[in-house]
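One structure below.
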Amino acid sequence: MKKLILLICMLAGMSSCYHEDALIVLDQPDKYNILTDDLSDPTQHFIYQFYQKYQTVIITNPTEADYKFNFTANNGIKITAPEQKQEIIDEGIEFLQKVLLNLYSDSFLKKNLPFSILFSEEVRMASYGETTIMNCYASSSFIALGNVSSSLKTMTDEEFVKIRADVNASFWAKYMSEVRGLFTISDAFYEASEEVEPKLYDPNWYRFKGTDPNEIDFYKYGVITYSENSYIDEDWPDFNSIYAPLKSEDLAQWMNFVFEKTPAEIQEICDKYPVMKKKYDVIREAMLENGFDLSKLEL
């Protein structure tokens, strides 16, 4: 994939030909400044070494040309590039390492990183008249990492844990699964919950008994929480309708769960709820097939 993208970039840089005129190939500048090392600049040195090692470009000041289109399809996102201050880019590099890179081995990263990683202050997606702010967006050729701004200095541990979970969930569920087709979850994942409640994934929606989500034991069913299609009104709780997640929601919630909870916390939950262990093991096995052992994750 990376070679294909580079080939397209090279072809885009060629001038047009007419009849028998000689083909003229223009010199291509180092657009992203990845081919020059500077030992006096730790950030530039990191970006240079990162490209040499993984053949992945870190783009600190992305433009629409870097993300708008996925070959012929519009990605549907809008990226606000970070302030181009040295301290913000430096903190962005450290943030990238902590939130994603440090969780995986070199061999895994060499095999699975996309063509580019885009630094973003904000990643927005508009859909059906609503705008969603995303911590991360994964496409066929890039991962866009949000929150690269001066706010990194004041980010709380709780906020960081949530963002790290979102980033890695997006990496696996979107990039490794949907884009590359390498990460696949067997039906055993859903069957484990159906053994507890056969109608859990009913297309007509399975409604949990009770109106207070804080009093529903979701782990008993092997799910993390309720569907986003549930109706919950804190002022009128008697009218609440709390539904089980769809299969797609269930997996997405689980992907966040396994990167948000520590292995010790997950082990405690799995010891108490056999259905949670069954579903965790399905995810772990699917990741093992891609060279990553979830049980050894250090958070």
Side-chain angles (χ1 to χ4, degrees), residues 98-105 108 112 135-136 156-174 176-177 182-202 205-230 232 240 242-299:
K98 289 181 177 180
V99 84
L100 181 67
L101 303 180
N102 290 352
L103 276 60
Y104 305 97
S105 67
F108 179 88
N112 294 300
N135 290 320
C136 180
T156 65
D157 290 343
E158 184 178 352
E159 290 171 333
F160 173 79
V161 168
K162 175 173 174 35
I163 291 171
R164 181 181 58 193
D166 281 350
V167 170
N168 286 277
S170 180
F171 175 75
W172 282 96
K174 179 72 176 179
M176 291 293 286
S177 180
L182 297 176
F183 175 63
T184 57
I185 295 295
S186 71
D187 290 340
F189 179 80
Y190 306 105
E191 290 168 355
S193 285
E194 290 174 326
E195 289 176 3
V196 177
E197 174 47 67
K199 296 182 178 180
L200 192 72
Y201 302 114
D202 193 306
W205 302 95
Y206 176 80
R207 182 174 177 177
F208 290 112
K209 294 180 181 178
T211 58
D212 186 348
N214 296 314
E215 295 180 359
I216 297 175
D217 190 355
F218 295 106
Y219 292 167
K220 170 186 171 183
Y221 301 88
V223 299
I224 308 305
T225 188
Y226 51 83
S227 169
E228 63 179 16
N229 295 296
S230 299
I232 296 178
N240 286 350
I242 304 173
Y243 297 108
L246 300 171
K247 287 185 176 182
S248 57
E249 288 180 300
D250 187 19
L251 180 58
Q253 291 171 1
W254 261 92
M255 295 310 300
N256 275 75
F257 172 81
V258 298
F259 283 103
E260 188 171 347
K261 300 289 186 183
T262 66
E265 290 172 324
I266 290 177
Q267 184 62 56
E268 183 177 354
I269 293 169
C270 288
D271 287 345
K272 184 176 180 180
Y273 300 93
V275 64
M276 293 291 284
K277 184 178 188 312
K278 287 181 181 179
K279 298 183 77 167
Y280 173 83
D281 285 344
V282 172
I283 292 176
R284 178 174 176 267
E285 288 298 323
M287 288 184 172
L288 274 174
E289 292 179 5
N290 287 278
F292 176 67
D293 190 345
L294 183 62
S295 66
K296 295 182 180 178
L297 179 63
E298 295 181 7
L299 299 176

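Both backbone and side-chain heavy atoms feed into the values below; hydrogens, waters and symmetry mates do not.
- Between the side chain of Trp205 and the main chain of Ser230, no donor-acceptor pair closer than 3.5 Å is present.
- Separation of atoms CD (Glu191) and OG (Ser186) is listed at 7.5 Å; rounding is to 0.5 Å.
- Looking at heavy atoms from C-beta onward, Phe171 lies in side-chain contact with Tyr104 at the 4.5 angstrom threshold.
- Remark: Ile242 CD1 to Glu215 CD distance equals 9.0 Å, nearest 0.5 Å.
- Looking at Asn168, its side chain does come within 3.5 Å of a backbone N or O of Val99 through a donor-acceptor pair.
- For the pair Phe259/Val167, no side-chain contact is recorded, criterion being any heavy-atom separation below 4.5 Å from C-beta on.
- Two residues are said to be in side-chain contact when any heavy atoms from C-beta on lie closer than 4.5 Å; Lys279 and Ile283 fail this criterion.
- In Lys277, the NZ atom is not crowded: 12 or fewer heavy atoms of neighbouring residues, nucleotides or ligands sit closer than 6.0 Å.
- Summarising the geometry of Glu260 relative to Glu265, their closest heavy-atom pair is O-OE1, 4.5 Å, with the distance given to 0.1 Å.
- The CD1 atom of Ile216 lies 8.5 Å from the OG1 atom of Thr225; values are rounded to the nearest 0.5 Å.
- In this structure, OG on Ser227 lies 5.0 Å from CG on Leu246, to the nearest 0.5 angstrom.
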For this session: In sequence, state the C-alpha distance, the side-chain angles, and the governing distance for Met255 and Phe183, and then conclude on side-chain contact (heavy atoms from CB on, under 4.5 Å).
Result: CA-CA 12 Å; Met255 295 310 300; Phe183 175 63; 4.0 Å; yes
Between side-chain atoms of residues 268-276 and protein atoms elsewhere (two or more places apart, or another chain), which donor-acceptor pairs fall under 3.5 Å?
unit_1: Asp271; atom_1: OD1; unit_2: Gln267; atom_2: NE2; d: 2.7
unit_1: Tyr273; atom_1: OH; unit_2: Asp217; atom_2: OD1; d: 3.1
unit_1: Tyr273; atom_1: OH; unit_2: Asp217; atom_2: OD2; d: 3.0

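- In plain terms, the two heavy atoms of Asp293 and Ser295 that are nearest each other are OD1-OG, 2.6 Å.
- Lys162 is linked by a salt bridge (Lys or Arg N to Asp or Glu O under 4.0 Å) to Asp166, counting only residues two or more places apart in sequence or in another chain.
- No close placement of the Tyr226 and Phe208 rings is indicated, their centers lying 6.0 Å or farther apart.
- Using a 4.5 Å heavy-atom cutoff, the side chains of Tyr280 and Lys261 are not in contact.
- Side-chain N or O atoms of Gln253 include none that pairs as donor or acceptor with a backbone N or O of Val223 at under 3.5 Å.
- For the pair Leu182 and Asn112, the minimum side-chain heavy-atom distance is below 4.5 Å.
- Between Arg207 and Asn240 the shortest heavy-atom distance is NH2-O, 3.1 Å.
- Between the CD1 atom of Ile163 and the CG atom of Leu100 there is a distance of 13.5 Å, given to the nearest 0.5 Å.
- Val282 is listed as a side-chain neighbour of Ile185, based on a closest heavy-atom distance under 4.5 Å.
- Proximity of the aromatic rings of Trp172 and Phe108 is defined here by a centroid distance below 6.0 angstrom, and this criterion is met.
- Counting heavy atoms from C-beta outward, Leu200 and Tyr190 have side chains that stay 4.5 Å or more apart.
- Between the CG atom in Leu288 and the NZ atom in Lys296 there is a gap of 9.0 Å [rounded to 0.5 Å].
- Residue-environment remark: CG (Asn102) exceeds the threshold of 12 foreign heavy atoms within 6.0 Å.
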